[in-house]
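Just below is one structure, and these are the notes that go with it.
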Amino acid sequence: MKTTLCLAALLAPAAAAQQWHYPPAPRAAVVDNYFGRQVADPYRPLEDLDAPATTAWVDAENAITFAYLGGIARRDSIRTRLTALWNYPRVQVPVREAGQLWFRKNSGLQKQSVLYRAAGLGSAAVAVLDPNALSPDGSVAVAQWSVSPDGRLLGYSTAAGGSDLQDIHFRDLATGRDLAAVVPRVKFTGISWTRDGKGFYYSRFRGSAERANLRDANTHHQLFYHTLGDAADRLVFERLDDSTAGVFSGVSDDGRWLFVFSGSGTTNNRLWVANLKDAAHPDLSAPLSPVVTAEDAVNTPLGVVGDTLYLYTNWQAPRGRIVAATMGDSDRTHWRTVVAEGPDVMNETALVGDRLVVTYLVDVQSRIRLFDLAGAPRGEVALPDVGTVAGLSGRNDGSDVFFAFSSYLRPATVYRYDLRAGRLEPFQPARAPFDPAPYETRATFYQSKDGTRIPIFVTARRGLARDGSHPTLLYAYGGFDISLTPYYSPAVAAWLELGGVYAVANLRGGAEYGEVWHHAGMREKKQNVFDDFIAAAEFLVREGYATPRTLAIQGGSNGGLLVGAVMTQRPDLFGVALPAVGVMDMLRYQKFTGGRFWAEEYGSSEDSTAVGSLLAYSPLQNLKVGTCYPATLVTTADHDDRVVPGHSFKFAATLQADQACDRPVMLRVEKAGSHGYRPTDRVIAEIADEFAFALANLGVRAP
């Protein structure tokens with residue numbers, strides 16, 4: 001495809017609509033019938049990601065976008081400041097295994113964090129896996145890792161462009177060399193070692209050992225056991241009754257119990273257990289016994305003490321509780337409540353030694369409370385500030401717990417809590433090159449369309465004049481039982497320094513107030529999520545933080561769907577839209593990769609009762625010719641096999657054709673990137689481009 005580019009259109013952020021010369025997208029006369037509803041899909045050819053016409057169109061779109069961004073004077077200075085703000089050492093939450101501490105750490109600007117081990121808290125850390133040596137340009141991601149219980153081997157997975165499709169490798173930790181064996185093309189899996197260190201459980205889709213790609217729908221998830229040195233893996237479990245269900249596993253800390261989880265969606269699960277008996281010589285043929293046979297709740301095993309299994313569940317407790325079950329008894333009515341459901345939502349739970357450690361959300365702010373194994377309260381951990389606890393890490397046989405703590409103005413720092421001494425101490429605390437003193441976060445609430453009270457956090461300079469003149473960025477997610485709790489990001493720090501206001505709304509569909517809150521934003525109730533977000537924007541305008549002209553909206557994945565939906569419903573309310581890796585075609589999402597897992601959340605166009613609600617808000621189908629939409633920068637990645645880039649391609653092509661005013665519509669496609677992965681330098685570059693685009697198209701002056 002040959003495309004002629006107009007230099008004026010490339011370089012001028014405020015060019016008239018008729019001056020934009022977007023590359024013509026491949027089209028076809030496609031009309032689908034959804035239970036009597038005729039729906040055109042003219043850009044269907046863009047779903048063929050490897051077609052020459054698609055790749056040529058993507059290259060032409062990127063050429064327009066990067067030329068346009070290159071003409072924004074502030075882009076380079078924004079990128080420079082982001083780079084400086086990112087440049088500080090930070091660690092991830094460590095785990096204890098084989099008597100040592102294991103954690104990833106980034107010195108500041110490394111493309112990927114390095115895996116270290118340390119003999120103890122005060123011991124020097126030694127690097128055991130440097131992804132930057134494996135892939136200097138960051139194009140191959142080290143996705144996950146797991147140390148064998150004897151400390152001899154490291155299992156780790158790599159993924160081209162950070163895709164969900166991964167290869168598992170093995171490193172001899174004594175020599176630092178990788179073994180020749182590789183388990184290829186696994187997806188949606190963990191690496192769960194048996195205690196003898198001779199092998200591990202993992203999951204893959206049927207047939208993927210031979211071939212797999214980044215586009216096709218995934219079915220028949222299976223659980224295998226891989227014995228090191230053996231050519232053939234043992235099939236452990238699959239759901240013959242449901243080809244769309246995922247299958248996952250975990251081995252207890254003492255190595256005696258294998259837990260198998262399965263669910264057809266992304267939240268609720270069934271649960272089985274197998275008694276491996278002797279941890280030193282596990283019985284790999286041990287039969288699986290059901291613990292929970294219904295798929296109507298989340299069921300997470302915390303550990304086994306004697307013949308008692310401790311579980312987190314939200315069955316008959318939408319805010320969560322901890323129960324005790326007798327091993328071998330699958331009747332849930334026999335469960336004994338240990339920690340009852342309370343007014344606050346259980347967010348994370350762990351069984352550590354003789355304590356149950358529970359993090360709660362109280363109006364989207366964290367608390368840590370302790371209980372003994374009988375459920376009696378044993379105090380609360382005094383946190384360093386108001387903020388978020390994440391990544392709770394402790395062992396059933398341990399006496400301490402690690403977690404990360406952060407807020408919008410406080411960089412994430414890992415803390416260790418000694419359960420015996422009752423002492424909290426930082427672990428390699430972060431010191432970011434950002435002064436938070438001039439800024440403040442306001443935690444407040446607003447009313448949605450139906451009167452529901454919605455939390456919102458607004459971070460801005462102290463004493464900010466609420467005259468609507470400041471660039472304001474509103475972010476949200478609203479789905480899949482995921483809570484958006486206060487967190488620190490160098491990107492947010494940069495936006496604040498640019499004179500911006502940063503707001504995060506906690507919409508229905510998330511987990512902020514438990515499963516009732518989640519269900520209020522699912523399936524036929526999804527419009528509640530969009531109403532909540534629109535009401536958040538109206539709140540920011542009403543409170544004087546922004547005007548529609550100075551307000552930008554941002555979200556990724558399900559949040560990209562959110563941005564796409566609200567900009568079609570209220571295009572007058574936003575100056576800039578930044579949808580990232582969004583689910584934009586709600587009628588076809590289930591036809592690609594892991595999309596079928598989302599049907600529990602959204603409903604599916606293959607269900608006649610769901611088509612109407614999906615069609616009512618699906619961003620692609622609700623774009624209208626002749627409408628003035630916000631200036632829009634659509635971002636995606638060519639290796640995204642979670643939400644395939646065809647969603648963004650079709651949405652961008654349609655929006656470019658339909659836009660009726662002088663606001664630009666750009667598509668930025670990251671090469672060798674995926675749904676959630678970019679090397680550090682590419683993360684910085686993408687955020688700089690988003691901020692530069694936003695500031696160039698919002699009605700504000702440079703600070």
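These values consider heavy atoms only, across backbone and side chains, with no hydrogens, waters or symmetry-generated copies.
- Counting only heavy atoms from C-beta outward, the side chains of Tyr439 and Phe434 approach each other to under 4.5 Å.
- Side-chain atoms of Ser406 and Pro486, non-hydrogen and from C-beta on, never get closer than 4.5 Å to each other.
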- Message: Run the salt bridge (charged side-chain N to carboxylate O under 4.0 Å, His left out) test on Asp450 and Lys525 for me, step by step, so that the C-alpha distance in whole Å, both residues' side-chain angles and the decisive distance to 0.1 Å come before the verdict.
- Response: CA-CA 12 Å; Asp450 62 359; Lys525 297 179 181 177; over 6 Å; no
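- For the residue pair Pro318 and Val516, the shortest heavy atom distance occurs at CB-CG2, 3.9 Å.
- Between Ser264 and Thr244, the closest heavy-atom pair is CB-OG1, 4.1 Å.
- Formation of a donor-acceptor pair under 3.5 Å by the Ser483 side chain with backbone atoms of Thr485 is not found in this model.
- With respect to Asp41 and Lys650, a salt bridge is recorded, a charged nitrogen being found less than 4.0 Å from a carboxylate O.
- Using a distance-only test at 3.5 Å, with no hydrogens or angles considered, a donor-acceptor pair links the side chain of Ser262 to the main chain of Gly246.
- Heavy-atom minimum distance, Asp532 versus Ser448: OD1-OG, 2.6 Å.
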Identify each donor-acceptor pair in which a side-chain atom of residues 337-350 lies under 3.5 Å from a protein atom, sequence neighbours left out, and give them as a table.
unit_1, atom_1, unit_2, atom_2, d
Thr337, OG1, Arg321, NH1, 2.8
Glu341, OE2, Arg319, N, 2.8
Asp344, OD2, Arg369, NH1, 3.2
Asp344, OD2, Arg369, NH2, 3.2
Glu348, OE1, Gly391, N, 3.4
Glu348, OE1, Leu392, N, 3.1
Glu348, OE2, Gly391, N, 3.1

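- The CD atom of Glu295 lies 13.5 Å from the CZ atom of Phe261; values are rounded to the nearest 0.5 Å.
- Between Tyr502 and Thr441 the shortest side-chain heavy-atom distance does not fall below 4.5 Å.
- For the residue pair Thr593/Asn218, the side-chain donor-acceptor check at 3.5 Å is not satisfied.
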- Query: Should Tyr602 and Phe480 be marked as a ring-ring contact (aromatic ring centres under 6.0 Å, His included) after you check the CA-CA gap, both sets of side-chain angles, and the distance that decides it?
  - Reply: CA-CA 9 Å; Tyr602 296 136; Phe480 290 92; 5.3 Å; yes
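- Between the side chain of Ser674 and the backbone N or O of Gly162 there is at least one donor-acceptor pair closer than 3.5 Å.
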- Task: Give the C-alpha distance, both sets of side-chain angles, the deciding distance and a yes or no for side-chain contact (heavy atoms from CB on, under 4.5 Å) between Leu573 and Glu538.
- Result: CA-CA 8 Å; Leu573 190 53; Glu538 292 173 334; 4.1 Å; yes
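- How far OG1 of Thr267 is from CG of Asn314: 8.0 Å, rounded to the nearest 0.5 Å.
- Rounded to the nearest 0.5 angstrom, Ile534 CD1 and Gln527 CD are separated by 6.5 Å.
- In this structure, Arg668 pairs ionically with Glu670, as a charged nitrogen and a carboxylate oxygen lie closer than 4.0 Å.
- The distance from atom CZ of Phe574 to atom CE of Met567, rounded to the nearest 0.5 Å, is 9.5 Å.
- Between Gly468 and Thr550, the shortest heavy-atom contact is O-OG1, 3.1 Å.
- A donor-acceptor contact shorter than 3.5 Å links the side chain of Asn528 to the backbone of Ala520.
- A salt bridge between Asp640 and Arg642 is absent, with no side-chain N of the basic residue lying under 4.0 Å from a carboxylate O of the acidic one.
- Judged by distance alone, the side chain of Asn506 and the main-chain N or O of Leu484 form a donor-acceptor pair under 3.5 Å.
- Between Tyr408 and Tyr488, a ring centre-to-centre spacing not shorter than 6.0 Å is recorded.
- Closest of all the heavy-atom pairs between Leu46 and Ala653 is CD1-CB, 4.0 Å.
- Taking the six-membered ring where tryptophan is involved, the planes of Trp517 and Tyr513 are perpendicular, since the angle between them exceeds 60° and thus also 30°.
- Partner of Phe405 under the side chain to side chain contact (heavy atoms under 4.5 Å, CB included) criterion, chosen from Thr413, Ile368, Thr388, Asp385: Asp385.
- Residues Ala652 and Val665 come closest through the heavy atom pair O-CG1, 4.2 Å.
- Contact check for Val583 versus Trp598: side-chain heavy atoms found under the 4.5 Å cut-off.
- Distance check: Thr65 OG1 to Asp689 CG gives 9.5 Å after rounding to the nearest 0.5 Å.
- By the 4.0 Å N-to-carboxylate-O rule, Arg596 lies close enough to Glu606 to be salt-bridged with it.
- Residues Phe693 and Pro664 meet the side-chain proximity criterion, which asks for heavy atoms closer than 4.5 Å.
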- Go through the steps for Asp32 and Arg44 under the test salt bridge (charged side-chain N to carboxylate O under 4.0 Å, His left out), then give the verdict. CA-CA 11 Å; Asp32 294 316; Arg44 179 73 59 82; 2.3 Å; yes
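- Salt-bridge check for Lys591 with Glu47: failed, with every basic side-chain N at 4.0 Å or more from each acidic carboxylate O.
- Put simply, the side chain of Leu578 does not reach to within 4.5 Å of the side chain of Val563, judged on heavy atoms.
- Arg523 places a side-chain N or O within donor-acceptor distance of the main-chain N or O of Ala599, the cut-off being under 3.5 Å.
- To the nearest 0.5 Å, the span separating CD on Glu601 from OH on Tyr589 amounts to 9.0 Å.
- When side chains are defined from C-beta on, Thr359 does not count as touching Ser366, because their heavy atoms never get closer than 4.5 Å.
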